[in-house]
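Notes for the one structure printed next.
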Number of protein chains: 2
Amino acid sequence: MARSSTRPTSRDVAQAAGVSQAAVSLVLGDKWRGRVSEATADRVREAARDLGYRPNLAARNLRLGRTRTVLLVVPALTTEFFAGVYTGAARVAGRHGFGVVLYPSPEGIGPARDPFASAQSALDGVIASSMAADALTAIRGDQLPLVMLDSDPDGSLGAATVNLDIADGVRQVTEHLLALGHRHFLHLAADVPSWTFEMRARELAARLAAEPGARVRTAPAPISIDGARTAAEAALSAPGPRPTAVVCDDDKLAAGACKAVRRLGLRVPDDVSVTGLDDLALATALDPELTTVRLDAELFGQRGMEALLAVLDDREPPGGDIPVELVVRGSTGPAAPATP
Amino acid sequence: MARSSTRPTSRDVAQAAGVSQAAVSLVLGDKWRGRVSEATADRVREAARDLGYRPNLAARNLRLGRTRTVLLVVPALTTEFFAGVYTGAARVAGRHGFGVVLYPSPEGIGPARDPFASAQSALDGVIASSMAADALTAIRGDQLPLVMLDSDPDGSLGAATVNLDIADGVRQVTEHLLALGHRHFLHLAADVPSWTFEMRARELAARLAAEPGARVRTAPAPISIDGARTAAEAALSAPGPRPTAVVCDDDKLAAGACKAVRRLGLRVPDDVSVTGLDDLALATALDPELTTVRLDAELFGQRGMEALLAVLDDREPPGGDIPVELVVRGSTGPAAPATP
DNA sequence: GCCTCCAAGTGTTACGTATAACCCCGCTCG
DNA sequence: CGAGCGGGGTTATACGTAACACTTGGAGGC
């Protein structure tokens, strides 16, 4: 029996099975066809099981020069959206023997520990949300393979991108509201500098510019229910005709908008229609339930990981945006007659 | 200049600075006081900076036999509660040169990649939520230092525990509702086998048993808004007098309960009062806003990490539950007169 | 004048793994 | 009957770091 104080190594297994350490490595690494007899391989496996052998990852990583671990950088963990992204990515990763480590946004953690400083030798690649762009320069400093989520396909030099077709989602929302007779819009926009949000504003403005009589005002808001409520309340009570539809950059903002409407003594959707984007659990918790755009977060994460695996493999990452789906619920209705 | 194709090692730095690799290790490891002259140390640091040297973590981990990385096991990433726990833990970890890796519950990822199989040599310790108890046996199989969050202090053999004083939260909720005149309770309970949930049921039952005329029925529900709505709707329309207060194991369940009340043509809080537990963003998105118990998720994570650091240091982990706070909002009000 | 001591380093080793290079033996084939 | 070959292994080495043991040149003590 080996000394039990410390963890067994492949050499301990070798001794127990009466073979060399190299043979253990071959058998356990599944490289033994034609190099080790079936009987010996069985002895090795049995010895490994008996001793409870687990390979030392640090040693393996050092030897191989790679870690089979990738980093997922998300802007914050405050909604289930990125939980879904993680789940999808981790599922694909697991099938390929990879692990996924999560790195929620730097805020609140402080610069004391820059993950990328240490990461370079501990990671094989990075998947990053464009909303965590502040970390981008740090990432590019390293030479790690990178996949960007929901980022400008042209602007992010070199990095592969995987995108949800949010532009189409915005178009669907806009058509839906136009069909209901709305012409006066408020865009409650996330005050986060990111391509994915700027693109939404552009898409909405472009469609409404093509619609005679339609107009839109934009109000920036922090991505929190109370921040959104404050911003929406101010924008809705501004002088001039009141918007009849509020298009929000995500569901949290929409929840704030709904509160704002109620605090002004108005009703959703009779006086003001509200739309979100994400389809979080929050969307169906509201009363009325939220008309929103469903994003398939898990598929998003899955595609991100597949793209990264392709890059690591020197293959061309698959292109094509992920389709999204308008979900019509109770928060949108026919436009009320214009008010002065 | 060193070969630029591959990353620089400490030996490259040594050559550039005209010293031995050992000297580089001493200087960069901050162990050089009295062993290397100030001037030499400066040369080494400059060379390291010029070359963009980053130590290879795999090699360091192998040499030191530890990784300065701990695992945080959470049941799921679907609420911001565990995001807060992570943030708190990561903050403390960063101050001590540790990193935190997140492991969201196994469900959805599949057993293909058991994190603990590989973890043992890549982790120094584990912080685990009791709600992810299915992973517990795997954890205990390894000999990693373990801190349990919100777990039975007596039952979890050997492991240190850090608890929120949720029992007190339940007591505060109960007193609040009793003071409002409620005597007939429905307990909407999470259908997850976990000490923290069982404890809530016990605490509620104990207090109501001591109150003449009070009674409580329990309805188990999955932790999802729609699941909770279904369960609450059934329980509220069951034969016999209708409960006037619904005490829920968390805010998501409470959101479902509110929907159920409305679907039965009743109103919150006029006909039925509802309470939650967590104080998620969801709580203030609802209308009326939710009376709930605020849990300090960040402090929870912080204490968890501090406890783990203590264990790693062979010190006694600090005890004492983390206080919680009742937040009274609009979802609770005076009890309606009993209905048959 | 010799021994001791200290500052300022250097040489060497080990951590555990994967793999390239080698070795031996029995069998087949020319 | 010797060369060749393939099955079944073994030996040796390198990955990059941290730390222990050792060296050297001079200053100081007695």
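This one's a predicted model, so the numbers in the text were calculated from it and none came from an experiment. In what follows, every chain begins at residue 1, and chains take the letters A, B, ... in the order their sequences are listed.
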Length of the [atom1]-[atom2] vector between [X] and [N], whole Å:
X       : N      : atom1 : atom2 : value
B/Leu26 : C/dA7  : CG    : P     : 14 Å
A/Arg43 : D/dG8  : CZ    : P     : 13 Å
A/Leu62 : D/dG16 : CG    : P     : 7 Å
A/Asp12 : C/dC15 : CG    : C1'   : 13 Å
A/Arg54 : C/dT17 : CZ    : P     : 13 Å
B/Arg11 : C/dT12 : CZ    : P     : 12 Å

Using a 4.0 Å heavy-atom cut-off, does B/Val24 contact any base of the nucleic acid, only the sugar-phosphate backbone, or nothing at all? nothing

Among [options], which is the nearest nucleotide to the side chain of [X]?
X       : options                : answer
B/Ala22 : D/dT10, C/dT10, D/dG16 : C/dT10
A/Ala59 : C/dG16, C/dT19, D/dT17 : C/dG16
A/Leu64 : C/dT19, C/dG16, D/dT17 : C/dT19

Quick one: does any side-chain atom of [X] pair with a main-chain N or O of [Y] as donor and acceptor, under 3.5 Å?
X        : Y        : result
B/Arg91  : B/Gln302 : no
A/Asp124 : A/Thr67  : yes
A/Asp12  : A/Thr9   : yes

Is B/Ser20 near enough to C/dT10 that one of its side-chain N or O atoms lies under 4.0 angstrom from OP1 or OP2?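 The answer is yes; a side-chain N or O of B/Ser20 sits under 4.0 Å from OP1 or OP2.
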
Nearest non-hydrogen partners of B/Val27 and B/Trp32, listed with the distance: O-CD1, 3.7 Å

Locate the shortest heavy-atom distance separating B/Val13 from B/Val44; write the atom from each residue and the value. CG1-O, 3.9 Å

Closest-nucleotide ordering on DNA chain D, the 5'-leading residue of B/Ser10 and A/Gly18: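 It is A/Gly18, whose closest nucleotide lies nearer the 5' terminus.
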
5' priority, DNA chain C, between B/Gln21 and A/Ser25 [closest heavy atom]: B/Gln21

Got a sec: does the CD of A/Gln21 have more than 12 other heavy atoms crowding it under 6.0 Å? yes

Does any residue of residues 27-42 of chain A have a heavy atom under 4.0 Å from DNA chain C, and if so, which ones, in number order?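 Heavy-atom cutoff 4.0 Å gives A/Lys31, A/Arg35.
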
Once you round to the nearest 0.5 Å, how far does NE2 of A/His96 lie from CG of A/Asp313? 8.0 Å

